[in-house]
K.L.:
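Here's a structure for you.
Order of the sequence lines fixes the chain letters, A, B, ..., with proteins taken first and strands second; residue numbering starts at 1 for each chain. Quick caveat: nothing in here was measured; it's all calculated off a predicted structure.
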Number of protein chains: 2
Amino acid sequence: MIEKKLKQQKQEQDQTEEKNNIFQVAKLSGVSIATVSRVMSGKAYVSPELTNRVKKAAVTLDYHPNRSASSLRKRVSKTIGVIISDIENPFFTSVIRGIETILYDSGYSLFFCNSDEDPKREKTHLSNLRAEDVAGIIWTPTKYNNEFCKNLVESGIQLVAIDRSPGMDHMDSVTVNNRKGAFEATSHLAQLGYQRIGLISGPKQTSTSIERLEGFKEAMLYHNLVLDQKLIIYSDFRQTGGYRAMQTLLELELPPKAVMVSNNLMTLGALQAIHECNLKIPDQIAIVGFDDMPWATSLQPSLTAIAQPAFDIGTTAAQLLLERLKDPTRSYRQVVLDTKLMVRTSCGSKKNLVIKSIIET
Amino acid sequence: MIEKKLKQQKQEQDQTEEKNNIFQVAKLSGVSIATVSRVMSGKAYVSPELTNRVKKAAVTLDYHPNRSASSLRKRVSKTIGVIISDIENPFFTSVIRGIETILYDSGYSLFFCNSDEDPKREKTHLSNLRAEDVAGIIWTPTKYNNEFCKNLVESGIQLVAIDRSPGMDHMDSVTVNNRKGAFEATSHLAQLGYQRIGLISGPKQTSTSIERLEGFKEAMLYHNLVLDQKLIIYSDFRQTGGYRAMQTLLELELPPKAVMVSNNLMTLGALQAIHECNLKIPDQIAIVGFDDMPWATSLQPSLTAIAQPAFDIGTTAAQLLLERLKDPTRSYRQVVLDTKLMVRTSCGSKKNLVIKSIIET
DNA sequence: TACAAACAAGAAAACGTTTTCTATACAATA
DNA sequence: TATTGTATAGAAAACGTTTTCTTGTTTGTA
């Protein structure tokens, strides 16, 4: 008997402290849940009087519509997924900041994933995001993963590829003119009079890496310089990789007089190797990096580098995605942003070099 | 005619590629949806045979349970929110990586927000995350925001504060022993014989900044060094701030012989200012940074710095949160991690300094 | 042999929304 | 007056899960 009473009491308590859902609001304001929903979303005919009552009740109860239920019913959530291949790379960090800025303004939340350049991890993340019912995904493809992302596209999720070309036309993408950037960096060295120019390249499969390599080769050709395969080292876009690559270059019987490094982290490694050999920059070796970084100006000498519009890549990608969500039939766009050569002191000046070459010869 | 056929074909395709939900799997494997659910979650009696059939069907259809539906039914979402004050700071980047690593392993998704050190933005993010029904939140508090986060705690969301003390006991937190770190860094300089030691400090209100300042002062006292208020500059934890602060120090009639910089970005700025004045490190000025960074070893000379276990802060915070989600009644923990002095060459060696001081006097 | 305990699996309810369907009332038009 | 249209709002269905309830079927034990 007492037990029964207790149970009843408990139930009543549950009722009062029950999470404030749409029923509570409906009850308090004396309307149906449909009306509450209509008031909350604000896109249907509801009389001013009821609107008022509902709004008041919602405030009183501190009611916030459950997003899971909403997503489930609407079959789309106000969230977008972002898959970044290396969160510790400042380049991607700026990209994320760009994305976040735009999404924040338009009321979207951001699911963040780090793929660590691992296609398996990437796939898991993509699956999760799909299960999460995200409205769209912005990602850096680790590989030409055609079948899988074709699948995704067909499942109705909008994708925007950033930084790397996904290797398919029917997708929005935001990339950088890597070829042109690499061409400019290499030309800069050539114009300063350097002839034996080395390249620390990224992985052979990654599109950014390939394009930068092409730009390098084109520039060498354009300036009538010898393309010595020994001076091209393929590495992994990571600091230790750049370190080892530079060591390899410096151990050659005829090491390069200048070197272009294909991304920011490898540049750090390369610098480390140069310093360990006690070589003077730019007198003994000139260096130009791909991807400008906050620390570039803090180096001694400051680093000449190709600046990528990382923040803009992020904002552009986010905007592209939002546009597509508004109009899914829109034709696909491949946006290519320009790089900018930031000339500082790590390559020396022409005058410098002329003197140097006189001494050398 | 052909058009009609195409349309029909399309419809058929739609039918086949229809979102694979639990019913599809049930149908294909010839069991009830309950059984499918049981197999997927793996925590109920299902015969090996049916288990097999279901698993096979799930793989065939590439079935992934809908997270919204699951969250709705289970009344708990498998997501946690992360609010970072400055995504472009590599320190926080490592923290995020730590968090992501743990969450990935336990199947949680991560809502990412960037507060940009703006309390208003922070509040908006916190509200959004609550509306999003996240299971918990990991954040870097921008200010002692007591009333609001008290509110949040009461609404049942689990909070873990990182990097900075939130100024309240009833909350899990992961911070770093800033005082000890600053003490060690300063002591390092003192032990090398430096006497006029400057400090580029962070904002006066931030807890990390305050603690590092305290550590600095304690070390000065401990080593019987004069604490000259002119040598303490308060700045903003940003690169340009560090740059200006260092300029201010160098313009003094009696500039410091060594300086400790209270965070990584300001260190970059300080280095820039030093290079612009053509001062030799460490001969003319020694520098020790708070927060070790990838570029520290690439500098010439390499930077001596206090390393913070950024990655560990992330993993610890995530683990703390997961534990609390499992057992919400657990008592609150304040974890304080240790820093580590990474001695490189930017402060010189004792021998060096002795010689230098002989020459100077 | 009887009966409880454990195993197995389907039916159905529940989670909190959004939206379609339906039913009013009332004004405007023919 | 009859009819159409529109504003308003409730009832009910639907979204895709998880879990309780229910019903059998084995297995083990007294």
K.L.:
Determine to 10° how strongly the helix from C/dT1-D/dA30 to C/dA30-D/dT1 is bent, judged from the axes of its five-pair ends.
P.N.:
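The value is 50°.
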K.L.:
Distances for protein N/O vs nucleotides 24-27 of chain C N/O pairs under 3.5 angstrom?
P.N.:
none

K.L.:
Starting at CD of B/E49 and ending at P of D/dT26, how long is that distance when rounded to a whole Å?
P.N.:
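Atom-to-atom, B/E49 to D/dT26, this comes out as 14 Å.
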K.L.:
Look at B/N66 and D/dG16 and indicate whether a side-chain polar atom (N or O) is within less than 4.0 Å of OP1 or OP2.
P.N.:
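No, no such contact exists.
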K.L.:
Whole angstroms only, please: what is the CD-P distance between A/Q24 and C/dC15?
P.N.:
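Whole-Å distance recorded here is 11 Å.
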K.L.:
Atom CZ of A/R73 and atom C1' of C/dA14: how far apart are they, to the nearest Å?
P.N.:
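Computing the A/R73:CZ to C/dA14:C1' distance gives 17 Å.
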K.L.:
Reading DNA chain C from 5' onward, which residue's closest nucleotide shows up sooner: A/I33 or B/A34?
P.N.:
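The 5'-side residue here is B/A34.
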K.L.:
Give, ordered by number, those residues of residues 52-60 of chain B having at least one heavy-atom distance below 4.0 Å to an atom of DNA chain D; if nothing qualifies, reply none.
P.N.:
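None - not one residue of the stretch has a heavy atom sitting under 4.0 Å from the strand.
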K.L.:
Holding to salt bridge (Lys or Arg N to Asp or Glu O under 4.0 Å), I want the full list of residues that pass it with A/D118, two or more places apart in sequence or in another chain.
P.N.:
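Not a single residue meets the salt bridge (Lys or Arg N to Asp or Glu O under 4.0 Å) criterion with A/D118.
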K.L.:
Just the table, please: protein N/O against nucleotides 6-9 of chain D N/O, every pair under 3.5 Å.
P.N.:
unit_1 : atom_1 : unit_2 : atom_2 : d
D/dA7  : OP2    : A/Y45  : OH     : 2.9
D/dA9  : OP1    : A/S47  : OG     : 2.9
D/dA9  : OP2    : A/S47  : N      : 2.6
D/dA9  : OP2    : A/S47  : OG     : 3.3

K.L.:
Quick test of your reading: applying ring-ring contact (aromatic ring centres under 6.0 Å, His included), list the pairs with at least one residue in residues 108-134 of chain B, sequence neighbours left out, ordered by first then second residue.
P.N.:
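Matches after skipping sequence neighbours: A/Y104-B/H125, A/F111-B/F111.
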K.L.:
Are A/R67 and C/dG16 close enough that a side-chain N or O sits under 4.0 Å from OP1 or OP2?
P.N.:
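Result: no.
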K.L.:
Could you check how far CD1 of B/I22 sits from C1' of C/dA11, rounded to whole Å?
P.N.:
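Result: 14 Å.
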